[in-house]
Protein chains: 2
Amino acid sequence: MSSKRDTYRATSKHTAILNAATEVFLKSGYLGANMDDIAKSSGVSKQTVYAHFQSKKDLFVEVVGRITDDASSMVHDSAQASDRDDDIAEYLLSYAIRQLTVVLTPRIMQLRRLVIGEVGRFPELAKVLYERGPQRTMKALAGVFERFSKKGRLNVGNSIVAASAFNWLVMADPLNRAMLLGDNAIPDADELRRHAAEGVRIFLAAYGRS
Amino acid sequence: MSSKRDTYRATSKHTAILNAATEVFLKSGYLGANMDDIAKSSGVSKQTVYAHFQSKKDLFVEVVGRITDDASSMVHDSAQASDRDDDIAEYLLSYAIRQLTVVLTPRIMQLRRLVIGEVGRFPELAKVLYERGPQRTMKALAGVFERFSKKGRLNVGNSIVAASAFNWLVMADPLNRAMLLGDNAIPDADELRRHAAEGVRIFLAAYGRS
DNA sequence: ACAAAGTACTGGACTGTATAGTTTATTTCA
DNA sequence: TGAAATAAACTATACAGTCCAGTACTTTGT
């Protein structure tokens, strides 16, 4: 806790450790990872690792927290051009494709697997991943839908319900396939686009106004 | 391999070991589980465990395979009353509720977490889980949809695409919540019914014929 | 029926290895 | 000179898998 900068402990080593630990944990899981490996692969002595992080658990929590944050902002940074009066179908399609493209990467898939496998040991991490992942996405979408709805361009009762429907219409199938079948099951850009388009079509059939 | 019944090795102990191992693996994960615990909790000596199963890996594979099979048949055994000329909405709703009720149990959720966490070490198990889970469901649904479609009561292009859409409209949100937020996030029967109804509504808006 | 022979099982000690975290003596560098 | 870092040895524990000596059960031949 408190501050890692109590004295002049090198920032570069701190991040070197975090980076190495990230790779090791992603590859081997929490129990499978080993602190000697992490130290060696950070180019740092084991003692230094323990100078920067109190324990394996602490290190793991920081690692997962950091990737989760990074991934979350990657998803939500680009584009928020919500209010444009363009074709709604167009808007939803590009939203869907961006979402799919960002989330369906080996790294984020592996993070999900890791966190899900450790729900028992680290329930907090999974909760945070849910909040910064699906939940954050759905809240953002719900806001957009409400605005569209007020302009009479969408017919949405409960905007959160609609957002969840849209989100999972788009994400669920490829996400679940990739989770269980591995990175080879990640669809290519073409398939992604077709899948996203069908999701948009279904959504607009249920919530559209025209 | 070959046969466990080469001689008169007791079936009761075999299943006692499997049952105990199931609990231990579900609770602690693959690496977290420990063969002494499994032996003790089977009421059997460690030597006997190794007489019935060659190694921890073998035992794990059998355990996961067995729960997967059980779960899969639980989902697919009850009801296949497809061709009845009832209300389609009614049919879909009951299908959805049954599916949700069977899958959203702590045991099956924990199995999914376990298998997902071990995709790296045991990719085959995850593949089998996918095939006997979502894939099997979607194939069955696709068959039903095609029949409805031929009778002109549904307007489905690619039946697999439609089946996937329906399946995930119904399953994705509660499944993902429960995966990450734990068993407390499993919705009660009322919530389940409302969620299923909205899924059916969306699906019929896109694929219905009326 | 009965005994001999083989098979299953037990309990516990044992081997070998892995690994989280600590300690110590030494070196680097500001 | 003094904090930060290093390397390497060390502690303590955990655990997969094996070995062994002895007990109990099942089968088979008579």
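A note on names: the letters A, B, ... follow the listed sequences, proteins ahead of strands, and every chain is numbered from 1.
- The residue A/Ala39 sits apart from the nucleic acid: no heavy atom pair falls under 4.0 Å.
- Straight-line distance from the CZ atom of B/Phe60 to the C1' atom of D/dC15: 17 Å, rounded to whole Å.
- Nearest to the side chain of B/Thr48, among D/dA5, D/dT18, C/dC9, sits C/dC9.
- Taking 4.0 angstrom as the limit, B/His52 places a side-chain polar atom (N or O) nearer than this to OP1 or OP2 of C/dC9.
- Side-chain proximity of B/Lys13 to D/dT6, C/dC9, C/dA20: nearest is C/dC9.
- Computed from coordinates, the B/Ile17 CD1 to C/dT10 C1' distance equals 13 Å when rounded to whole Å.
- For the pair B/Asp36 CG and C/dG11 C1', the interatomic distance rounds to 12 Å; values are reported in whole Å.
- The only member of B/Arg177, B/Arg113, B/Arg107 that meets salt bridge (charged side-chain N to carboxylate O under 4.0 Å, His left out) when paired with B/Asp183 is B/Arg113.
- Atom pair B/His14:NE2 and C/dC9:P shows a separation of 11 Å (rounding to whole Å applied).
- Going from atom CG of A/Asp58 over to atom P of C/dA20 covers 14 Å, rounded to whole Å.
- Formation of a donor-acceptor pair under 3.5 Å by the A/Lys56 side chain with backbone atoms of A/Tyr30 is found in this model.
- Going from atom CE of B/Met35 over to atom P of C/dT15 covers 21 Å, rounded to whole Å.
- Here C/dA20 is the nucleotide among D/dT6, C/dA20, D/dT18 with the atom lying nearest to any side-chain atom of A/Asn34.
- Among the atoms of the strands shown, none is found under 4.0 Å from any heavy atom of B/Gly32.
- Taking atom OH on A/Tyr50 and atom C1' on C/dT23, their separation rounds to 14 Å, with Å as the unit.
- Contact of A/Lys46 with C/dG21 (side chain to base): a donor-acceptor pair of N or O atoms is detected under 3.5 Å.
- Per the geometry, CG belonging to B/Asp37 stands 15 Å off P belonging to D/dG17, to the nearest Å.
- By the 30° and 60° cut-offs, the orientation of the rings of B/Phe60 relative to B/Phe25 is perpendicular.
- When distances are taken from the side chain of A/Ser45 to each of D/dA7, C/dA20, D/dG17, the shortest belongs to D/dA7.
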Discussion item. Is there a side chain to side chain donor-acceptor pair (under 3.5 Å) between A/Ser41 and A/Glu23? Walk through the geometry before answering.
Written reply: CA-CA 9 Å; A/Ser41 137; A/Glu23 298 316 311; over 6 Å; no
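- Distances were taken from every side-chain heavy atom of B/Gln47 (C-beta onward) to each of C/dG12, C/dT23, C/dA20; the shortest belongs to C/dG12.
- For the atom pair CG (B/Asn167) and CZ (B/Phe203), the distance works out to 11.0 Å, reported to the nearest 0.5 Å.
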